[in-house]
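Once you've had a glance at the structure underneath, I'll fire off some questions.
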Amino acid sequence: MEKLRSALDFLGGPGPVALAIALLFAAPVIDRLFVRRKRLGYRVLYNSKIGLGPEQLHDGSDPNPPQLRELVRVLDRMSIVVIRIRNTGSYPVHGGDFTTPLTFTFGDRVVWNARVSEAGSEERKAEIRRTLQFFGTEASPVRASLPTVRERMAQLVAKWGRLPVTAEVPGEPVWHGVRLEKLSLGRKEKFKLLVVLREPDGNPDGELGKEVEVVGDLGGAGIVHDERPERLVTLPRLTGGLATVLAAVLVLVLAWPPSSTDASVACGTGTLRVEGSSVFMPTARTIADRYQRACPDARVVTRATGSIQGVREVAGGDADLVVLSDGRQDVPGVHAQQLAIVVYHVVVHASVGVDAISLEQLRGVYSGAYTDWSQLRGGDPLPIRVVGRGGESGTRELFERRVLGTSESALSSNDCRVKDRAPDAPVIRCERDDNADVVREIGAVEGAIGYADAPSVAEARKTNRLTALSLDGKVFDAAAGVEAGYPFWTVEYLYTRTEPAPGSAAARFITYVRQHEAPRLHLKDAGYLPCHTPDNLPLPLCTHR
């Protein structure tokens with residue numbers, strides 16, 4: 001059961017899995033109604049010799065006339081193929097839908113004649129018959145009709161007096177296939193195509209083949225398919241099977257009460273609130289979910305309120321509150337514990353055309369000393385547009401303290417493109433609620449610059465045109481530590497009103513987050529550097545912030 005829970009976590013949880021189940025069940029319907037909505041099916045119903053041989057005509061007395069024997073020899077080398085063709089989709093198929101006409105060839109056998117039957121009415125039969133063409137080699141002309149079967153038989157009978165009798169008509173081209181040019185079929189409409197074939201006269205002793213080759217393409221509008229017994233793996237079977245497996249996993253996980261199978265987890269009981277950093281909260285929420293699955297009697301409620309606001313609340317005396325803060329806050333009378341190192345980047349839209357900036361230039365950008373990127377890199381003009389965070393953001397406080405050395409300028413823009421709030425402001429500057437929104441906006445606005453944590457930047461770079469800048473030519477280096485000189489990083493802290501009492505809900509959850517192997521690995525996967533090593537020793541770099 002725990003493996004199933006892990007699989008469900010890997011797939012994103014109950015919500016995404018339920019959505020995936022619905023999409024899997026809907027996929028064949030969407031494919032039939034929208035993607036490949038036009039479907040033309042065919043099936044070979046009969047493919048065999050006519051079955052008339054000389055021994056069937058001999059009555060044991062007088063021998064058969066030589067002419068009759070010759071005629072029977074010809075008929076014995078002939079075969080009949082019956083093909084059912086029908087519209088199996090939900091929309092009419094028109095002649096203009098075909099990128100390749102529906103075409104039938106029969107190996108070495110050549111076409112002696114063909115006819116249309118069971119088309120619903122004589123008028124409809126005549127319409128389909130007019131689409132029927134016979135063809136030979138590429139040099140052979142295409143004809144729309146041949147003599148009827150009755151006429152061909154009459155031609156053979158007329159030759160009884162002259163030997164040998166053949167299936168050839170003097171001067172008649174040799175047809176190797178039939179084509180239904182510009183065939184149109186209404187919804188659920190069908191008909192049968194009967195083709196009479198013969199073995200070429202150049203192969204008098206050969207066996208009749210049974211090949212039937214079909215070519216036809218409806219392009220992007222639909223498919224032409226064989227209606228013989230379906231393949232083992234089809235789209236409805238594949239999607240239905242996957243949906244059934246996912247549904248079974250979801251039902252089992254939700255119906256089976258979670259229980260702790262990890263003896264290393266010291267579970268707490270009751271409800272605990274975890275608030276604060278919007279940067280770190282998605283990772284904290286995932287860790288809290290795993291803790292609750294291991295500890296059925298514990299409930300952890302998470303909420304992103306911002307680092308500064310969170311620390312204010314915990315300082316106000318809320319004993320059931322744990323707060324996450326980007327960096328240490330100078331608030332007396334609270335208890336702080338280090339959790340992980342968070343690295344931040346200054347990022348620009350790819351249109352800016354730079355990948356490095358000095359701290360002096362960066363401060364000039366934020367003060368309004370530079371208002372166009374051409375002032376820094378030359379070239380074509382491009383207005384500088386600053387995307388920042390609000391006043392309650394711990395990320396903003398860290399950027400102002402560690403990088404900028406002063407406060408950011410006032411809010412002047414709503415859309416991050418023009419100064420629509422304060423036309424006289426020195427800088428085009430807008431604000432967004434969290435770091436994910438910041439990097440998304442930077443990726444959408446040419447000339448934009450801003451800052452965000454490394455995980456948010458890495459996620460945004462998958463779909464947005466972003467460039468992370470080095471600062472004074474330096475980047476974060478965990479091995480070099482503080483000596484590397486990169487200023488834009490901090491430690492994520494856990495704040496409580498007082499040191500949690502041993503065995504309390506807060507103490508056991510914090511111990512799990514800081515020391516257990518599972519959350520430690522999850523922190524690393526999310527892009528953070530845990531402040532405790534696998535041996536549960538403090539990371540020296542964390543002691544510097």
Side-chain angles (χ1 to χ4, degrees), residues 277-282 303-309 326 344-357 359 361-469 471 488:
S277 169
S278 59
V279 170
F280 204 83
M281 195 56 65
R303 187 166 69 103
T305 59
S307 299
I308 295 175
Q309 177 63 29
D326 305 333
Y344 296 83
H345 295 300
V346 175
V347 291
V348 295
H349 188 278
S351 62
V352 170
V354 299
D355 56 13
I357 195 170
L359 289 177
Q361 290 172 327
L362 185 63
R363 289 161 186 157
V365 165
Y366 275 80
S367 68
Y370 303 109
T371 59
D372 196 283
W373 288 108
S374 61
Q375 297 173 270
L376 295 173
R377 49 135 170 91
D380 296 333
L382 180 64
I384 294 174
R385 299 173 169 111
V386 176
V387 184
R389 293 289 308 278
E392 296 300 317
S393 167
T395 303
R396 173 176 171 175
E397 190 274 338
L398 176 73
F399 177 71
E400 292 175 336
R401 178 164 48 90
R402 296 288 182 183
V403 179
L404 211 56
T406 186
S407 298
E408 289 191 52
S409 58
L411 179 66
S412 65
S413 174
N414 289 322
D415 66 359
C416 303
R417 290 163 175 82
V418 296
K419 290 182 278 189
D420 51 6
R421 290 178 62 101
D424 297 330
V427 181
I428 300 173
R429 180 180 175 276
C430 64
E431 293 179 357
R432 292 297 179 260
D433 292 335
D434 56 45
N435 285 3
D437 289 339
V438 167
V439 290
R440 192 179 300 114
E441 194 70 47
I442 295 171
V445 177
E446 292 190 355
I449 184 172
Y451 48 84
D453 60 297
S456 295
V457 172
E459 183 65 26
R461 291 177 76 174
K462 296 177 183 177
T463 55
N464 291 292
R465 300 175 60 214
L466 296 175
T467 301
L469 305 181
L471 303 179
F488 203 11

Query - Val403 versus Leu471, closest heavy-atom pair with distance - result: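 Result for this residue pair: CG1-CD1, 4.5 Å.
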
Report task. Just do the side-chain hydrogen bond (donor to acceptor under 3.5 Å, both in side chains) check on Arg440 and Asn464 with the steps written out, would you? Result -> CA-CA 7 Å; Arg440 192 179 300 114; Asn464 291 292; over 6 Å; no

**Report entry** With Tyr366 via ring-ring contact (aromatic ring centres under 6.0 Å, His included) - residues at least two apart
**Finding:**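 For Tyr366, the residues satisfying ring-ring contact (aromatic ring centres under 6.0 Å, His included) (neighbours in sequence not counted) are Phe399.
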
Requested in this report: Kindly compute the distance separating OG (Ser307) from CE (Met281), expressed to the nearest 0.5 Å.
Outcome: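 That separation rounds to 8.5 Å.
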
**Report entry** Sidechain-backbone polar pair: Ser367 side chain, Gly364 backbone, donor-acceptor under 3.5 Å
**Finding:**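 Answer holds: yes.
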
Query - Contacts of type salt bridge (charged side-chain N to carboxylate O under 4.0 Å, His left out), residue Glu459, not counting sequence neighbours - result: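 If we apply the salt bridge (charged side-chain N to carboxylate O under 4.0 Å, His left out) test to Glu459, skipping adjacent residues, the hits are Lys462.
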
Query - Heavy-atom pair of closest approach, residues Val354 and Thr467 - result: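 So the minimum-distance heavy-atom pair works out to O-CG2, 3.5 Å.
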
Query raised in the report: Of the non-hydrogen atoms in Val352 and Gly447, which two are nearest, and what is the gap between them?
Result: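 Looking at all heavy atoms of both residues, the closest pair is CG2-CA, 3.8 Å.
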
Report task. Check whether any side-chain N or O of Ser412 sits under 3.5 Å from a backbone N or O of Arg429 as a donor-acceptor pair, and report yes or no. Result ->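 Yes, the answer is positive, given that a donor and an acceptor are paired below the 3.5 Å cut-off.
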
Query raised in the report: Have Ser413 and Arg385 got a donor and an acceptor in their side chains that come within less than 3.5 Å?
Result: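 No pair is found: no donor N or O on one side chain lies under 3.5 Å from an acceptor on the other.
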
Report task. Taking all heavy atoms of Ala460 and all of Val439, pick out the closest pair and write down the distance. Result ->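 So the minimum-distance heavy-atom pair works out to CB-CG2, 3.5 Å.
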
Query raised in the report: Got a sec: does the CG of Asp372 have more than 12 other heavy atoms crowding it under 6.0 Å?
Result: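 It does: Asp372 CG has more than 12 such atoms within range.
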
Report task. Could I get the full list of salt bridge (charged side-chain N to carboxylate O under 4.0 Å, His left out) partners for Arg303, not counting sequence neighbours? Result ->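 Once residues adjacent in sequence are excluded, the partners of Arg303 under the salt bridge (charged side-chain N to carboxylate O under 4.0 Å, His left out) criterion are Glu275.
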
